[in-house]
Amino acid sequence: MLAQHFHEAGHEVTVLARQPCSAPWRTLLWDGRQQGPWTEVIDGADVLINLAGRNVNCRYTPRHRSEIMESRVQSTRLLGEVIRLVARPPALWMNASTATIYRHSLDRPMDEAGGELGGMEPGAPETWRFSIDVARSWEREFFAAETPRTRKIALRSAMIMWPSPHGIFDTLLRLVRLGLGGTAASGKQYISWIHGTDFMRALEFLVNHPEIDGVVNISSPHPLPNREFMRVLRNAWGTRIGLPAARWMLHIGALLMRSETELILKSRRVVPGRLVQAGFQFEFADWAAAAQDLARSERARRELAMRTKSK
């Protein structure tokens with residue numbers, strides 16, 4: 001998604017990938033652990049965007065915990081070492097982080113200035129503390145890198161909503177299509193989100209604003225409770241029924257889907273304070289408009305896939 005955005009804007013794009021793929025832009029293999037021929041493209045690059053990290057939509061077994069942590073910390077450490085060594089380091093390094101770093105919040109929004117980091121709030125499940133530890137370790141490694149000639153931004157991103165297979169929007173829409181997209185538990189927990197278009201536009205905005213560095217929340221300015229979020233999504237797709245799920249049902253469902261309930265139950269009430277203050281204009285600030293646009297795009301994607309398959 002991001003590579004295509006910058007490619008279509010006329011930029012020279014190189015993607016570092018763990019597996020080869022065919023694309024209109026250059027793709028180089030890397031493993032996120034050791035240097036290789038790919039380091040040549042870091043020397044002289046204008047911008048480096050690191051989104052590497054194992055998918056967290058899984059059970060937090062010891063093996064998966066290790067993979068989740070190491071895939072983020074090791075790749076970030078490696079890139080920092082390469083930036084320090086090259087003759088012409090990138091002017092900007094944006095590194096993925098996560099809005100999960102903030103505490104479970106029902107009472108008020110969390111921005112970069114006054115948001116409280118999580119992990120120590122009373123009653124927080126152990127799996128939530130693990131996610132916070134990952135986020136803190138990830139950012140600590142990033143900011144510890146000695147890159148005096150490179151501006152650095154940690155992208156504390158909310159869930160990116162985009163019509164593509166296996167993404168978070170696809171997962172939520174599948175529940176809606178099955179009639180299961182109702183309120184989860186109390187439904188009071190907030191969902192922070194950002195439309196994929198605004199995610200790409202926000203990163204481009206940061207590239208063009210050299211006065212911004214440090215941590216930046218990448219999210220819509222209007223998070224909303226799970227109950228309302230799912231109601232809007234059902235309306236956008238045209239589904240009238242959405243069966244609610246009690247907390248115990250969510251635990252069973254997460255076990256069967258080999259996931260964790262944290263993704264559903266933790267209240268992420270994150271707002272993009274620094275982006276708004278800097279004058280960024282969201283194309284999809286409200287979930288109703290975003291959901292309608294995503295639903296239209298998803299229907300078009302499905303129709304195209306069916307036509308292609310029928311040929």
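Only a predicted model underlies this, so the values are computations on that prediction, with no experimental measurement involved.
- Hydrophobic clustering, defined by side-chain heavy atoms of Ile, Leu, Val, Met, Phe, Trp and Tyr closer than 4.5 Å, leaves Phe284 isolated from every other such residue.
- Looking only at side-chain heavy atoms (C-beta outward), Arg268 and Gln189 stay at 4.5 Å or farther from each other.
- No donor-acceptor pair under 3.5 Å is formed between the side chain of Thr183 and the backbone N or O of Arg227.
- Cation-pi check for Arg269 over Tyr102 is not met; the charged atom does not lie both under 6.0 angstrom from the ring centroid and within 45 degrees of its normal.
- Shown here is Arg59, whose CZ atom has more than 12 heavy atoms of other residues, nucleotides or ligands within 6.0 Å.
- Separation of atoms CD1 (Ile218) and CD1 (Ile194) is listed at 6.0 Å; rounding is to 0.5 Å.
- Take Phe280 and apply the ring pair (Phe, Tyr, Trp, His ring centres under 6.0 Å) test, not counting sequence neighbours, and it matches Phe205, Phe282.
- When the side chains of ILVMFWY residues are joined at heavy-atom separations under 4.5 Å, either directly or via intervening members, Leu29 and Ile42 end up in two distinct hydrophobic clusters.
- Thr98 OG1 to Ile132 CD1: the interatomic distance, rounded to the nearest 0.5 Å, is 8.0 Å.
- Within the model, atoms NZ of Lys152 and CG of Leu48 stand 11.5 Å from one another, a figure rounded to the nearest 0.5 Å.
- Trp162 and Val13 fall within the same hydrophobic cluster, defined by Ile, Leu, Val, Met, Phe, Trp and Tyr side-chain heavy atoms under 4.5 Å apart, directly or through other members.
- In this structure, CG on Leu206 lies 6.0 Å from CE on Met94, to the nearest 0.5 angstrom.
- At most 12 heavy atoms of other shown residues, nucleotides or ligands fall within 6.0 angstrom of atom CZ in Arg33.
- Put simply, the side chain of Ser186 gets close to the backbone of Lys188: a donor and an acceptor are under 3.5 Å apart.
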Trace of the salt bridge (Lys or Arg N to Asp or Glu O under 4.0 Å) decision for Arg299 with Glu303: CA-CA 6 Å; Arg299 290 187 190 280; Glu303 291 174 2; over 6 Å; no
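- Between the side chain of Ser66 and the backbone N or O of Arg63 there is no donor-acceptor pair closer than 3.5 Å.
- Between the side chain of Thr150 and the backbone N or O of Thr147 there is no donor-acceptor pair closer than 3.5 Å.
- Scored by the salt bridge (Lys or Arg N to Asp or Glu O under 4.0 Å) test, Arg149 finds no partners at all (sequence neighbours excluded).
- When all heavy atoms are compared, the tightest approach of Pro223 to Val271 is CD-CG1, 3.9 Å.
- Contact detail for Leu78 and Gly32: the closest heavy-atom pair is CD2-C, 3.6 Å.
- For the pair Glu40 and Val86, the minimum side-chain heavy-atom distance is 4.5 Å or more.
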Candidate pair Glu283 and Thr197, rule side chain to side chain donor-acceptor pair (under 3.5 Å), full reasoning: CA-CA 8 Å; Glu283 189 170 330; Thr197 295; 5.5 Å; no
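- Few gaps surround CD on Glu116; more than 12 heavy atoms of other groups in view lie less than 6.0 Å from it.
- If you chain together hydrophobic residues whose side chains sit under 4.5 Å apart, Val73 and Val215 never meet in one group.
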Test log, rule salt bridge (Lys or Arg N to Asp or Glu O under 4.0 Å), inputs Arg84 and Glu81: CA-CA 5 Å; Arg84 180 172 57 85; Glu81 292 171 353; 5.8 Å; no
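- Annotation: side chain of Met159 is in contact with side chain of Ile191 (closest heavy-atom distance under 4.5 Å).
- Without hydrogens or angle criteria, Ser220 side chain to Ala285 main chain gives a donor-acceptor distance under 3.5 Å.
- Note that the CH2 atom of Trp38 and the CG atom of Leu28 stand 10.0 Å from one another [nearest 0.5 Å].
- Side chains of Arg274 and Ile212 form a contact here, defined as non-hydrogen atoms less than 4.5 Å apart.
- Salt bridge absent: Glu70 and Arg54 never bring a charged side-chain N and a carboxylate O closer than 4.0 Å.
- With a 6.0 Å radius and a threshold of 12 heavy atoms from other residues, nucleotides or ligands, Leu106 has its CG atom above the threshold.
- No single ILVMFWY cluster, assembled from side-chain heavy atoms under 4.5 Å apart, contains both Trp237 and Ile241.
- Atom CZ of Arg247 has 12 or fewer neighbouring heavy atoms from other residues, nucleotides or ligands inside a 6.0 Å radius.
- Taking Ile, Leu, Val, Met, Phe, Trp and Tyr as members and joining any whose side-chain heavy atoms lie under 4.5 Å apart, directly or through other members, Trp138 forms no hydrophobic cluster with any other residue.
- Taking the six-membered ring for Trp, His104 and Trp128 have ring centres closer than 6.0 Å.
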Listing, residues 166-174 side-chain donor-acceptor contacts under 3.5 Å, not counting sequence neighbours, or none:
{"residue": "Asp170", "atom": "OD2", "partner": "His166", "partner atom": "N", "Å": "3.2"}
{"residue": "Asp170", "atom": "OD2", "partner": "Arg174", "partner atom": "NH2", "Å": "3.2"}
{"residue": "Thr171", "atom": "OG1", "partner": "Gly167", "partner atom": "O", "Å": "3.1"}

Verdict with supporting geometry, Arg156 and Val216, side chain to side chain contact (heavy atoms under 4.5 Å, CB included): CA-CA 6 Å; Arg156 290 181 176 173; Val216 177; over 6 Å; no
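- Here the side chains of Ile153 and Leu92 are in contact, with some heavy-atom distance below 4.5 Å.
- Between Trp93 and Phe142, the gap from one ring centroid to the other is short of 6.0 Å.
- Considering only heavy atoms from C-beta on, Gln34 comes within 4.5 Å of Asp31 through its side chain.
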Chi angles and distances behind the salt bridge (Lys or Arg N to Asp or Glu O under 4.0 Å) call for Arg201, Asp198: CA-CA 5 Å; Arg201 293 178 59 249; Asp198 280 332; 2.7 Å; yes
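- In the hydrophobic clustering, Leu85 connects to no other residue, as no ILVMFWY side-chain heavy atoms lie under 4.5 Å from its own.
- The distance from atom CZ of Arg88 to atom CD1 of Ile83, rounded to the nearest 0.5 Å, is 14.0 Å.
- No side-chain heavy atom of Met161 sits under 4.5 Å from any side-chain heavy atom of Phe199.
- Qualifying side chain to side chain donor-acceptor pair (under 3.5 Å) partners for Glu8, counting only residues two or more places apart in sequence or in other chains: Gln4.
- The minimum heavy-atom distance linking Pro165 with Arg301 is given by the pair CG-NH1, 3.4 Å.
- Although no hydrogens or angles enter the test, the distance criterion places no donor-acceptor pair under 3.5 Å between the side chain of Ser137 and the main chain of Val134.
- Residue pairs meeting the side chain to side chain donor-acceptor pair (under 3.5 Å) criterion with at least one partner in residues 202-214, sequence neighbours excluded, are His5-Glu204.
- Residues forming a ring pair (Phe, Tyr, Trp, His ring centres under 6.0 Å) with His11 (at least two apart in sequence, or on another chain): Phe6.
- For Phe143, there are no ring pair (Phe, Tyr, Trp, His ring centres under 6.0 Å) partners at least two apart in sequence or on another chain.
- For the pair Arg231 and Trp287, the cation does not sit on the ring face, since its NZ or CZ is not both under 6.0 Å from the ring centre and inside 45° of the axis.
- Among residues two or more places apart in sequence or in another chain, the ring pair (Phe, Tyr, Trp, His ring centres under 6.0 Å) test is passed with His7 by Trp25.
- The shortest side-chain heavy-atom distance between Asp111 and Pro272 does not fall under the 4.5 Å cut-off.
- Checking Thr76 against Glu141 by side-chain atom types alone, no donor-acceptor pair falls below 3.5 Å.
- Taking a 4.5 Å side-chain heavy-atom cut-off between Ile, Leu, Val, Met, Phe, Trp and Tyr, the cluster of Leu304 contains only that residue.
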